[in-house]
Amino acid sequence: MIKFGAKRFFWFLAALALLIFLHFTKILIPLESFITAKSRPIFSRFYSASSFLRSGYNKNKGDKDWAVVADELQRKVNDLTAKNAGLKMLEEENRILREHLNFTGKTGSTVILGNIIFSGGLAAGQSGLVTIDKGAKDGLREGLAILSGQGVVVGKIIAVKENLSEACLVNNQNCAFAAAVLNEDKTKGIAEGELGLTVKMKFIPQTETIKEGDFIVTSGLEKDIPRGLLIGKISRVNKESNELWQNAVIEPMVDFGDLMMVSAIIP
Amino acid sequence: MYLKIIFNAALFFILVVFQLAFVSGLPGWLPYLNLILVTLIFILVLSGVNAALWWAAAIGLFLDSFSFLHFGVYFASFGLTIAAANLVLVNFLTNRSLYSFLALAVFSTLFYELFFRFLSRLSSLILGKENFFPFDFNFAFSLAKELGLNILLVSLIFYLLNFASDKLKPVFLVRK
């Protein structure tokens, strides 16, 4: 005869039913808000400590030839300095045009800064999700883009509570963005994560010309995400003549493992 | 009595914060470790099903406050995992050997993960939201990593407890 002890589990299920009832009648909400509000700073500190360890580990993991890396970086600095000079002129020109057109511009958007308090959850395969210590009370809502400190898109808010919000990172396979390639045609497509490892831009018509090194930005077709926010750079183009669309592998511009703080843009 | 409750509450709070905020941010495979489940298994075997259920309820309630899934998903997942693990422990595992602990760890991890997936899928359907926890290769691979790490941790804690106390040592009756 198999022993089960059904009585105590009946009480457990009754407690569960009661808690669900109290949650949906909003009686439990103050307690939940209290728990989340009071423990956010502790979560944040633990996550910072853990991120510090992870960053140190990641930095020491690869054996690199630092002289080669330094040369490569120097070349990039020279290139970027040259580009920067050109961009500064464009920026000035743009500023004057904006003044004329009475645009509010980028400064018209509200930026909300938040700490990541934990990543993933308590189940297998929950990578590519982060929880931020700002929520509906701070003005966040579903669909907003979240950016790294360098202004690169790292994810999108998918759920919001009073004090917290959950965001999917761009490498999460369920996270998709309306994206555009910074080429002559401003080719549009959908950028979405693959297996939590990489990002792919899909649904690019075969007639469009895209190449390695092209930058991918948000296209502005999503209601709450302004256009022109940098997502990444094309590292490979997959073009098969028998396919309806071509796609491109995007190299993200930030290491998602190093993220500790993010900012959400409210247009 | 109250002191005991406060002590237990502090312990489970530290455990949850450590798991969610610290372990989840560690490098390599370490974030796959389910410290909470392993702790619940040891509580179940060493302190009994009532204590394990109280811990499961408290941890579940705490996690549900942070979770963006349907309220009660963690509460139900941990509670029913303890119920199922207790069923296996009482009816099929009669001693407190390392193998019993390992079998319980494997069973509990599989039960918890599958039940959690099922509930989160149900939750997505009810709330009409996109399901972020599909049954796919990524899940299978993550589950394998979690199983491996949980088994390692259970073995480690078992040997540490065995070293520190006599509670898990086999008892032999000697005829005089």
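Note on naming: letters A, B, ... go to the chains in the order of the sequence lines (proteins, then strands), and numbering restarts at 1 for each one. These values consider heavy atoms only, across backbone and side chains, with no hydrogens, waters or symmetry-generated copies.
- Contacts with chain B were tallied for A/I35, A/L53, A/L28; A/I35 has the most, counting heavy-atom pairs under 4.5 Å.
- When B/F78, B/F118, B/Y74 are each tested for a ring pair (Phe, Tyr, Trp, His ring centres under 6.0 Å) with B/Y112, only one passes: B/F78.
- Of the two parts of A/T131, only the side chain, counted from C-beta on, holds a non-hydrogen atom closer than 4.5 Å to a non-hydrogen atom of chain B.
- Across B/G79, B/A76, B/A140, B/S65, the residue that shares the most heavy-atom pairs under 4.5 angstrom with chain A is B/S65.
- For a residue to count as touching a neighbouring chain, one of its non-hydrogen atoms must lie under 4.5 Å from one of that chain's; by this rule B/S67 touches chain A with the backbone only.
- When side chains are defined from C-beta on, B/F68 counts as touching A/L164, because their heavy atoms get closer than 4.5 Å.
- Neither the backbone nor the side chain of B/F141 comes within contact range of chain A, judged by heavy atoms closer than 4.5 Å.
- Ranking B/F22, B/F62, B/W54, B/F13 against chain A, the residue ahead of the rest is B/F22, based on heavy-atom pairs under 4.5 Å.
- Of the two parts of A/E142, only the side chain, counted from C-beta on, holds a non-hydrogen atom closer than 4.5 Å to a non-hydrogen atom of chain B.
- For chain B, the nearby part of A/F24 is the side chain; its heavy atoms alone come within less than 4.5 Å.
- A/V262 has its side chain within reach of A/I132: a pair of non-hydrogen atoms, C-beta onward, lies under 4.5 Å apart.
- Taking the side chain as every heavy atom from C-beta outward, B/F66 and A/S39 approach each other to under 4.5 Å.
- Looking only at side-chain heavy atoms (C-beta outward), A/Y47 and A/S119 come within less than 4.5 Å of each other.
- The closest side-chain heavy-atom distance from A/R54 to A/M260 is not below 4.5 Å.
- Contact annotation for B/L61: only side-chain heavy atoms (C-beta onward) come within less than 4.5 Å of a heavy atom of chain A.
- Counting heavy atoms from C-beta on, the side chains of A/V170 and A/F256 come closer than 4.5 Å.
- Ranked by non-hydrogen atom pairs under 4.5 Å with chain A, the options B/D64, B/I82, B/L53 are led by B/L53.
- At a threshold of 4.5 Å between non-hydrogen side-chain atoms, the residues A/I250 and A/T198 do not count as touching.
- For A/I29, no part lies under 4.5 angstrom from a heavy atom of chain B.
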